[in-house]
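Here is how names work: the chains are called A, B, and so on, in the same order as the sequence lines, proteins then strands, and each is numbered from 1. These values consider heavy atoms only, across backbone and side chains, with no hydrogens, waters or symmetry-generated copies. Treat the numbers as computed from the prediction; the structure is a model and nothing was measured.
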Protein chains: 2
Amino acid sequence: MATIYQVSELAGVSLATVSRVMNNNTKVSDKTKQKVLKAMAELGYQPNSIAQSLASNRSNSVGVLVSELHGPFFGDMMSAIEDTLRLEGKHTIITSGHSDEERERASIEFLIGRKCDALILHAEAVTDEYLLNLESRGIEFVLINRYIKQLENRCIRLDNKQGGYLATQHLIKLGHQKLAYISGPKWKQDAQERLQGHKQALTDAGIDFDEALCFEGDYQQSSGSKGLDWLCEHAPKFSCVVCANDEMASGVMTRARQLGINVPSELSVVGFDNIIYANYLYPTLTTIDYPIYEMGRMAAKYILKQVYEKKNLDIESVFVPKLEIRDSSIEYV
Amino acid sequence: MATIYQVSELAGVSLATVSRVMNNNTKVSDKTKQKVLKAMAELGYQPNSIAQSLASNRSNSVGVLVSELHGPFFGDMMSAIEDTLRLEGKHTIITSGHSDEERERASIEFLIGRKCDALILHAEAVTDEYLLNLESRGIEFVLINRYIKQLENRCIRLDNKQGGYLATQHLIKLGHQKLAYISGPKWKQDAQERLQGHKQALTDAGIDFDEALCFEGDYQQSSGSKGLDWLCEHAPKFSCVVCANDEMASGVMTRARQLGINVPSELSVVGFDNIIYANYLYPTLTTIDYPIYEMGRMAAKYILKQVYEKKNLDIESVFVPKLEIRDSSIEYV
DNA sequence: GCTATAAATGAAAGCGCTTACATTTTAAAT
DNA sequence: ATTTAAAATGTAAGCGCTTTCATTTATAGC
């Protein structure tokens, strides 16, 4: 593999000049620029980005932490980020944290060690202190789906509480009075917020929240099924179930079918996230739209603006959820 | 951030010794080793992996090319690879090629430029020549889901033809005689092979393949719906449809419901891949299991063995598809 | 043509590591 | 104690770039 040195030799100029045309930095006369470009083409020269990084302390890559590499939610998020950054010639290094504090921290440190210019983090398990410390270490980063007051401007988030509110309000408007709820893991911020929204909507409608109608799932499909089983056995009668994400809602619908409960005529179901296949379930799932693609794109834009000094980018940090009404929820009769 | 130099100073040893304990290479006396470790801990030293890579020409990272960052198939593949490599302290850099020759090539060159020690490629669009050339450039890589004779031992693949055969055979055994087929893009190798399997199964059963019953989709859900529309309008009567992947099968089922066609009583549907939510569709989808997680893991193992010299790993390159019978296919009456 | 200034180029010092080779220390053998 | 080989450690030369600063060359003004 050709090095910058060979290029400079072939072009009859110095290392520095070659480096300059690569970065089209300072003025290089057009004549020498052409010579260099020609030499590069001739040698099929490709700069060694490791060497570039070491010398410049810039890697042109941004690190991304997701909880899981699979799953429609993170897939969309990664796509959005990579699409956006690639347009500007930046690269994406992806790691997963599996919602585990230890692993999240290890991943973040890896990315830092890899000299990423900035990080985009969907960090769920790591403490606020750790993140605050990151800032004081001078690390550039942005948080997706997490809110920390002192880091407010670095937080790209959805108003989860509002989302939870909308989902529940929708069912109440349809006449439902006995609402079951399957939440995400309560230690997760978004799960808490969605549940808060649910409670608020109940309160506003004059309905008391009943702990017995609430099951804590883990955001996996299977816990939706498990949740429905548990509710059928332990909870008072209910006519609908609000799920903290679509995966669990899907689990609920599948289990309901197995139990011979018709959705939506006997049981209305509402999800959260509007993942791609919510629209392919049967019945199609009423849900709260989580504009994760847009948010991923926005996180990338934030980095482009703050770190790579692209101007003219408007950063918007709080996104508003939208109710997406489909077939899984109908009027209570 | 502390450097190796500061560690060596604090520990009162040379650079080389510090480097040695990091790589626990040559013998270092236990006493000095402890001194160094202590100094590292004290300084919170983290080796700069960029510098390591430049000096050693080893990055401890492997590059992965997928077609899309989202979607259940690639998600599982990425997860498998990252899980396996991380256990050995290797890191994963992921890029996407969007099934486009230009972009696939750009991604691969990026990974090479990034000095990945090896590549795991799900390359669909790039030519055989390019891949062969990669080998002669001395790049270490393994191919997932692609077969090139001269690169045979680098190909981790599924017997797609056999899969296509099984799907079709299953329906024939159920008594179906008029089978429609929705293929993937015909330029893709796996789509061709699956179709071949389909034709073979027809032939073996003494049924003529009818071009008019075959629609070329693009592996997206929407093209399943479009395919069904097209078939209903242009094709002779059929009692079932074989789809070259689950996404299109899901599109078919959704569209069938909209058209008032009952699945499976009026139309049996079979998919391919056994993606995670095939089991959550309604009706649950009969499909061909594609052990992509195992294959991703195997690709990673191949790299560990060939490049990182881990012994005792058995590499198996051809995987066998399995028919997964669920509710979307029933006997023809 | 000669000086003043700007523009283009080159020389060389790193960036933070690894590693071949040289040197010193330790242990074993006599 | 002395010699010898082996083990431990140190020295220093890169890896392929970027970037500061010095130097050369071109441009302009008189």
Side-chain angles (χ1 to χ4, degrees), chain A residues 1-37 39-40 43-61 89 91 109-110 112-117 138 308, chain B residues 1-37 39-40 43-61 89 91 109-110 112-117 138 308:
Chain A
M1 191 130 245
T3 74
I4 197 176
Y5 190 77
Q6 301 171 39
V7 174
S8 79
E9 197 167 7
L10 184 64
V13 298
S14 72
L15 283 197
T17 303
V18 177
S19 176
R20 282 182 191 109
V21 351
M22 279 172 47
N23 303 293
N24 51 280
N25 256 359
T26 333
K27 297 272 178 185
V28 180
S29 80
D30 219 56
K31 202 172 51 184
T32 55
K33 187 170 178 175
Q34 294 313 321
K35 278 197 301 191
V36 172
L37 257 20
M40 283 179 171
L43 292 170
Y45 172 72
Q46 290 290 129
N48 177 325
S49 63
I50 299 278
Q52 285 179 314
S53 298
L54 183 61
S56 67
N57 208 27
R58 257 292 168 84
S59 62
N60 280 319
S61 62
H91 298 292
E109 295 299 332
F110 162 66
I112 294 171
R114 215 84 193 68
K115 283 276 172 290
C116 289
D117 299 330
Y308 296 117
Chain B
M1 194 130 244
T3 74
I4 196 178
Y5 190 77
Q6 300 170 40
V7 174
S8 79
E9 197 167 8
L10 184 65
V13 298
S14 75
L15 285 198
T17 302
V18 177
S19 176
R20 281 184 192 108
V21 350
M22 279 171 47
N23 303 294
N24 51 279
N25 258 359
T26 333
K27 297 273 178 186
V28 179
S29 80
D30 219 56
K31 201 171 54 185
T32 55
K33 188 169 178 174
Q34 293 314 318
K35 276 197 301 189
V36 172
L37 256 22
M40 283 180 171
L43 292 168
Y45 171 73
Q46 290 289 130
N48 177 326
S49 62
I50 299 280
Q52 286 179 315
S53 299
L54 185 61
S56 66
N57 209 26
R58 258 292 169 86
S59 61
N60 280 318
S61 60
H91 298 293
E109 294 300 332
F110 161 66
I112 294 171
R114 215 85 193 68
K115 285 270 173 293
C116 288
D117 300 330
Y308 295 118

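Here the closest heavy-atom approach between residue A/Pro47 and residue A/Gln52 is recorded as CB-NE2, 3.6 Å. Residues A/Leu54 and B/Ile50 come closest through the heavy atom pair N-CG2, 3.6 Å. Closest approach of A/Val18 to A/Met40, counting heavy atoms only: CG1-CE, 3.8 Å. Nearest approach of A/Val28 to A/Lys33, heavy atoms of both residues: CG1-N, 4.1 Å.
For the pair B/Ser49 and C/dC17, the criterion of a side-chain N or O lying under 4.0 Å from OP1 or OP2 is not met. Taking side-chain N and O atoms only, A/Ser19 has a distance below 4.0 Å to OP1 or OP2 of D/dT18. The side chain of B/Thr3 contributes no N or O atom lying less than 4.0 Å from OP1 or OP2 of C/dC15. Between C/dG10 and A/Thr17, a contact under 4.0 Å exists linking OP1 or OP2 to a side-chain N or O. Taking 4.0 angstrom as the limit, A/Tyr45 places a side-chain polar atom (N or O) nearer than this to OP1 or OP2 of D/dC17. Contact annotation: B/Gln52 reaches the phosphate of C/dT18 (side-chain N/O to OP1 or OP2, under 4.0 Å).
Summarising the geometry, the separation between NZ on A/Lys33 and C1' on C/dA7 is reported as 15 Å, rounded to the nearest angstrom. The interatomic distance linking B/Asn23 (CG) with C/dG16 (P) rounds to 18 Å, in whole Å. Atom-to-atom, OH of A/Tyr5 to P of D/dC15 comes out at 11 Å; the value is rounded to the nearest Å. When the C1' atom of D/dC17 is taken as reference, atom CD of A/Gln46 falls 15 Å away, rounded to whole Å. One can place CG of B/Leu43 at 14 Å from P of C/dG16, the figure rounded to the nearest angstrom. Between B/Lys115 atom NZ and C/dT18 atom C1' there is a gap of 15 Å when expressed in whole angstrom units. The CD-P distance, from B/Glu9 to D/dG10, rounds to 13 Å in whole Å.
Projected onto DNA chain D by closest heavy-atom contact, B/Ser56 and B/Leu15 fall at different nucleotides, the more 5' of which corresponds to B/Leu15. The residue among A/Asp30 and A/Ala16 whose nearest nucleotide of DNA chain C lies closer to the 5′ end is A/Asp30.
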Using nucleotides 21-28 of chain C, report all nitrogen or oxygen pairs with the protein that are shorter than 3.5 Å.
none

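Nearest nucleotide to the A/Ile4 side chain, out of C/dA12, C/dC15, D/dC17: D/dC17. Taking the side chain of B/Ala55 as heavy atoms from C-beta on, and the options C/dT9, D/dT9, C/dC17, the nearest nucleotide is C/dC17. Between C/dG16, D/dT9, D/dT18, one nucleotide has an atom nearer to the side chain of A/Met22 than all others, and that is D/dT18. Distance from the side chain of A/Leu54 is smallest to D/dG16 among D/dT19, D/dG16, D/dT9.
Checking B/Leu37, B/Ile4, B/Val36 one by one against B/Tyr45, the side chain to side chain contact (heavy atoms under 4.5 Å, CB included) holds for a single residue, B/Ile4.
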Q) Taking it one step at a time, do B/Gln46 and A/Ile112 satisfy side chain to side chain contact (heavy atoms under 4.5 Å, CB included)? A) CA-CA 10 Å; B/Gln46 290 289 130; A/Ile112 294 171; over 6 Å; no
(Q) Apply side chain to side chain contact (heavy atoms under 4.5 Å, CB included) to residues B/Ser19 and B/Asn23 and explain how you reach the verdict. (A) CA-CA 6 Å; B/Ser19 176; B/Asn23 303 294; 3.4 Å; yes
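Residue contacts for B/Val13: at a heavy-atom cut-off of 4.0 Å it reaches the sugar-phosphate backbone alone, with no base atom in range. Counting any heavy atom pair closer than 4.0 Å across all strands shown, A/Asn48 reaches sugar-phosphate atoms only and no base atom.
Annotation: side-chain contact (heavy atoms from CB on, under 4.5 Å) contacts of A/Asp117 (sequence neighbours excluded): A/Arg58, A/Ser59, A/Asn60, A/Val307, A/Tyr308.
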